[in-house]
Amino acid sequence: MGQGVLMKFDTAAISQQLGVTKTPLLPPVTTWNPELSGDIDLFINRQGVWFHEGTRFERHSLAKMFSSILRKDGDAYFVLTPVEKWRIKVEDVPFVINHLMLINPGPDQILELQTSLGDRVCVDAEHPLWLKTDAATGEPSPYVRVRDRLDALLTRSVFYELINLATERNIAGKIQLGIYSSAQFFTLLDDVDASEV
């Protein structure tokens, strides 16, 4: 197989390399260190949809399998096995959060978020929630850490759910609008002058 070319997905061979079973455990990709094999025409768009050579993955299970062997090194994304490492393209971040569950509502509440591929993550110190604001449009985009250095973008509907659940904190005359999860406060909007609200 030439560098930069992936003729077809051999899912059986990859499954065999990974020792894929029905267990929910993810492969230990952080411990694998194969040499770079090259670039392949895999692309994940801002909506978390996987494409190969411009064609959308139709099988949810295939996208889920490849997402389980995804790793971010520096600013680049790779799919890898113990013996191969292929660089892919990601438009923004590789995952999208499309579902929110509130566990134990109240002072001890936990936010559990689910990606479009079925991964679940509880918002806490190791899986923080934060906003990035587009410099050109001023539009905020909410993100959460899913695992290792892999992040997810929250859909607009999930972000609105969070805003509806948010509380305010006044710190030195500035209001922070945010939400508690796992005994941590995560800011959704800040730097608002309390006198203007």
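Everything numeric in this text was worked out from a predicted model, so none of it was measured.
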Query - Given D73, D75, D39, the one that forms salt bridge (Lys or Arg N to Asp or Glu O under 4.0 Å) with R87 - result: D39
Query raised in the report: Can L102 be reached from Y180 by stepping across I, L, V, M, F, W or Y side chains whose heavy atoms are under 4.5 Å apart?
Result: no
Report task. Let me see the working for D134 and K132 under salt bridge (Lys or Arg N to Asp or Glu O under 4.0 Å), right down to the final yes or no. Result -> CA-CA 7 Å; D134 187 292; K132 269 198 299 190; over 6 Å; no
Query raised in the report: What's the shortest heavy-atom distance between V146 and H127, and which atoms?
Result: O-CD2, 3.2 Å
Query raised in the report: Does the R145 side chain pair with the main chain of D148, one donor and one acceptor, at a distance under 3.5 Å?
Result: yes
Report task. Determine whether I88 and L117 fall in the same hydrophobic cluster, where Ile, Leu, Val, Met, Phe, Trp and Tyr are linked whenever their side-chain heavy atoms lie under 4.5 Å apart. Result -> yes
Query - OG on S116 to NZ on K64, rounded to 0.5 Å - result: 9.5 Å
**Report entry** Shortest non-hydrogen contact from P140 toward F159
**Finding:** CG-CE2, 4.4 Å
**Report entry** Separation between CD1 of I110 and CE of M101, rounded to the nearest 0.5 Å
**Finding:** 12.0 Å
Report task. Run the numbers on V144 and L154 for side-chain contact (heavy atoms from CB on, under 4.5 Å), then give the verdict. Result -> CA-CA 8 Å; V144 69; L154 278 64; 4.1 Å; yes
Query raised in the report: Within the distance-only criterion (no hydrogens, no angle test), does the side chain of T187 pair as donor or acceptor with the backbone N or O of Q176 below 3.5 angstrom?
Result: no
Report task. Decide yes or no on side-chain contact (heavy atoms from CB on, under 4.5 Å) for K89 and Y77, but give the supporting numbers first. Result -> CA-CA 7 Å; K89 293 180 181 177; Y77 292 90; over 6 Å; no
Report task. Report the C-alpha separation of F78 and L36 in whole Å, then their side-chain angles, then the decisive distance to 0.1 Å, and conclude whether the side-chain contact (heavy atoms from CB on, under 4.5 Å) test is met. Result -> CA-CA 9 Å; F78 303 87; L36 180 65; 3.7 Å; yes
Report task. Check step by step if salt bridge (Lys or Arg N to Asp or Glu O under 4.0 Å) holds for E139 and R156. Result -> CA-CA 11 Å; E139 182 177 351; R156 189 175 298 273; 2.7 Å; yes
Report summary line: Heavy-atom closest pair (P27 atom, S68 atom, distance to 0.1 Å) is CD-O, 3.6 Å
Report task. Identify the two heavy atoms, one from P82 and one from P34, that lie closest to each other, and give their separation to 0.1 Å. Result -> O-CB, 3.8 Å
Requested in this report: Check for a donor-acceptor pair, side chain of S37 on one end and backbone N or O of K85 on the other, with a separation under 3.5 Å.
Outcome: yes
Query - Intermediate values then yes/no, side-chain hydrogen bond (donor to acceptor under 3.5 Å, both in side chains), R149 and T30 - result: CA-CA 10 Å; R149 300 183 62 237; T30 58; over 6 Å; no
Query raised in the report: How long is the span from the CE atom in M65 to the CG atom in L70, to the nearest 0.5 Å?
Result: 12.5 Å
Query raised in the report: Which heavy atom of S67 sits nearest a heavy atom of F95, and at what distance?
Result: CB-CE2, 3.9 Å
Requested in this report: Go through the steps for W50 and F66 under the test side-chain contact (heavy atoms from CB on, under 4.5 Å), then give the verdict.
Outcome: CA-CA 9 Å; W50 287 68; F66 275 93; 3.7 Å; yes
Report summary line: CG (D41) and CH2 (W86) are apart, to the nearest 0.5 Å, by 12.5 Å
Report summary line: For V96 and R46, the nearest pair of non-hydrogen atoms, with its separation, is CG2-O, 3.5 Å
Report summary line: Here the gap from L113 atom CG to L100 atom CG, rounded to the nearest 0.5 Å, amounts to 6.0 Å
Query raised in the report: Around atom CZ of R56, are there more than 12 heavy atoms of other residues, nucleotides or ligands at under 6.0 Å?
Result: no
Report summary line: When rounded to the nearest 0.5 Å, the distance separating CZ of F51 from CD1 of I44 is 10.5 Å
**Report entry** salt bridge (Lys or Arg N to Asp or Glu O under 4.0 Å) between E112 and R120, intermediate numbers included
**Finding:** CA-CA 7 Å; E112 185 177 87; R120 292 186 177 187; 3.4 Å; yes
**Report entry** Presence of salt bridge, K72 and D151, under 4.0 angstrom
**Finding:** no
Query raised in the report: Would a 4.5 Å heavy-atom cut-off, applied to side chains only, mark S181 and L129 as touching?
Result: no
